[in-house]
2 protein chains.
Amino acid sequence: MTVTLADVAHRAQVSPATVSRVLNGNYPVAAATRERVLRAVKDLDYVVNGPASALAASTSSLVGILVNDIADPFFGIMASAAQAQISGAEGTPGAIGGEKLAVVCNTGGSPERELTYLTLLQRQRAAAVILTGGAIEDPDHSAAVAAKLARLAEAGTRIVLCGRPPLPPSAGSPVTATLSFDNRAGARRLTGHLLALGHTRIGYVAGPAERTTTRHRLEGHRAALAAAGVADDPARTLHGAFDRASGIAAATRLLDAEPGLTAVVAANDTIALGVCTAARARGLRVPEDLSVAGFDDLPSATDTVPALTTVRLPLIEAGARAGLLAVTRETSHGPDGVETVPAELVVRGSTGAIRGA
Amino acid sequence: MTVTLADVAHRAQVSPATVSRVLNGNYPVAAATRERVLRAVKDLDYVVNGPASALAASTSSLVGILVNDIADPFFGIMASAAQAQISGAEGTPGAIGGEKLAVVCNTGGSPERELTYLTLLQRQRAAAVILTGGAIEDPDHSAAVAAKLARLAEAGTRIVLCGRPPLPPSAGSPVTATLSFDNRAGARRLTGHLLALGHTRIGYVAGPAERTTTRHRLEGHRAALAAAGVADDPARTLHGAFDRASGIAAATRLLDAEPGLTAVVAANDTIALGVCTAARARGLRVPEDLSVAGFDDLPSATDTVPALTTVRLPLIEAGARAGLLAVTRETSHGPDGVETVPAELVVRGSTGAIRGA
DNA sequence: TTGAAAGCGCTACCAG
DNA sequence: CTGGTAGCGCTTTCAA
């Protein structure tokens, strides 16, 4: 049979209550007693019964990290950083059972699965939930998510938004901390950079239509065009998934339709890599014949493409930080619990040459 | 306060037992009663208390998927496939609370974290644990893992190995199903293919030294060389991480040391992409000047490199299948619960030209 | 500083 | 087919 806390208590000649106190380290226990208990735990190879303690304490040690696409290294790195931080942040020093179980849930960008996971985590009485990446822009779904989050918060679950815009400000928001990126400003700078170099025929490969990140970045792009007095030709913008294949397909179509393009902006780094591939496949050199610019969510991916102009979001460190704060402290980020991380323009290699010039 | 099963029972004018039966769908309930209960559930927006039911039933709905590197798309795809299958496979049809919570745990390749996660999952009384990817080859660690798995199995947790070699056969193995890849044969074919084309100066970029996948693939490579009577120059093999940077670094060093290499085998596809990058950076064309071959764990990544020779492991589908079987049925794969998936040789583009020939 | 005991919410066995 | 009810193992007052 499984070893229970009572068994440990018996062996250590103390009451179950005392064993519990030693394990949770949240109550004074005499050093000698403590030693005895810890010995018994070791001897019996005791492992806490999570469900039982979760039931009694009405909170579990589970932390759910929701990501849009686990196969996207961008989310992989985020999740990995958050997990590392959470694991490292053991609650009370000396506690045995204090470790959190940080766990990644892949929604695949599906609204239903997002809600399902939220319900599942609610069911488990999760200690915290971290929502990462762009949100889906559907009023019904947003409302459903907000309602779920309210329920979760009500039950004591800590909510953190990471790389996702803040919820519409409401009285008593359920969100503990929000970390959002200034996607508009980033995109504006990115396109602005290309415009400053003299580009005017600029293609744009956007993400899926119904995502906040997609919209915000596109808005920034258009704002930059408008500010420079460059007409925004809708045909120069194509939507697709946040992946390489989409970048290849979109760039191919853009260049077919308008071979005179001198630059392409990509909505994320994976797409940007695809655009480079498509350009090279047509015999275009990057950046001599075609400048490519993109959001560098994932530094390691684009570091090997020196010709890329990027806006870097310090997502990884920030994400980890948010996760850490969410779990170990009650601290909020700045006023309203919202911290906005500015975008940083990174220019690698030469992007100054305009095709035909 | 939170809505409990008793509240639902009260509203539906039935006993808690009946509500439980409706929710779990594991017992006959009159249609009318069932309807009444379901209505009450909806009305009250009831959500099962996971810990409570886990405690009572002494098993939870948690399924842990352990991966070596969540930032590696290879694992991302595996995990994602397994999650999809598990989510799709709702236990008893009509059950409300039957969904499993499939969750990814990132060990980062660290032995300690592997054990920690196993303990955490044990604590949660996980329904199943899926271990993916190569195992660490350290006797102490292997023993510790085996012991943990035994404990887990004892407590009813289902264990599945996926893309990982079977445990040393012992009486009453704790493992429900094992799905392993014939890495040796795959590597042998890969290198054999290059040898058949006439290559004799072949570099090899291996993974981390202490992994089973690393060793098996390297053994296959050497076996192929031996079979062809080609001397195995140890200097032509370099170890590194399973990532692109490592591929670039290793290929650079290999080509510096021996510019006459005509082919390079990479221990996984990400490394292979790095090797291609490094080759191109030196002005070598692939495959005209340098043939590159690699394990194609992740089809989508290498599909954009037509010149690559690869051995494809049908990991994704197989992994999903294993996860499904582990969770929904008790079926084992083949004798001993071990299914070995053969490697399939894929040759894209021309790899027939040998440099200098 | 420690012990005793009352639940936490659900499952499953035993009656009916 | 349905109800009653005894735990599951742990936490947490309340006393001592």
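Just so we're on the same page: letters track the sequence lines, and every chain starts at 1.
Put simply, CD on A:Gln122 is 14 Å from P on C:dG9, counting in whole angstrom units. The distance from atom CG of B:Asn49 to atom P of C:dT11 is 9 Å, rounded to the nearest whole Å. With rounding to whole Å, B:Arg125 atom CZ is found 17 Å from C:dT11 atom P.
Applying the salt bridge (Lys or Arg N to Asp or Glu O under 4.0 Å) test to residues at least two apart or on different chains, none of the pairs has a partner in residues 48-63 of chain A.
Comparing A:Ala30 and B:Leu55 by the nucleotide of DNA chain C that holds the closest heavy atom to each, the one mapping nearer the 5' end is A:Ala30.
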Can you give me the N/O atom pairs linking the protein to nucleotides 11-14 of chain D at distances under 3.5 Å, or say none if there are none?
residue : atom : partner : partner atom : Å
D:dT11  : OP1  : A:Asn24 : ND2          : 3.2
D:dT11  : OP2  : A:Ser20 : OG           : 2.8

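Side chains of B:Ser110 and B:Thr107: no donor on one and acceptor on the other come within 3.5 Å.
With sequence neighbours excluded, no residue forms a salt bridge (Lys or Arg N to Asp or Glu O under 4.0 Å) with A:Arg36. In terms of the salt bridge (Lys or Arg N to Asp or Glu O under 4.0 Å) criterion, B:Asp140 has no residue partners (sequence neighbours excluded). The side-chain contact (heavy atoms from CB on, under 4.5 Å) test applied to B:His10 returns no partner, not counting sequence neighbours. Remark: A:Arg21 engages no residue in a salt bridge (Lys or Arg N to Asp or Glu O under 4.0 Å) (not counting sequence neighbours). With sequence neighbours excluded, the residues that form a salt bridge (Lys or Arg N to Asp or Glu O under 4.0 Å) with A:Arg11 are A:Asp43.
Helix-axis bend for the helix from C:dT1-D:dA16 to C:dG16-D:dC1: the local axis fitted to the five terminal pairs at one end deviates from that at the other end by 30°, rounded to 10°.
Remark: B:Thr33 is in phosphate contact with D:dT2, judged by side-chain N or O atoms under 4.0 Å from OP1 or OP2.
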What donor-acceptor contacts under 3.5 angstrom involve side-chain atoms of residues 46-53 of chain A, with partners at least two apart or in another chain?
residue : atom : partner : partner atom : Å
A:Asn49 : OD1  : A:Ala52 : N            : 3.0
A:Ser53 : OG   : A:Gly50 : O            : 3.1

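Nearest to the side chain of A:Thr4, among C:dT1, D:dC10, D:dG3, sits D:dC10.
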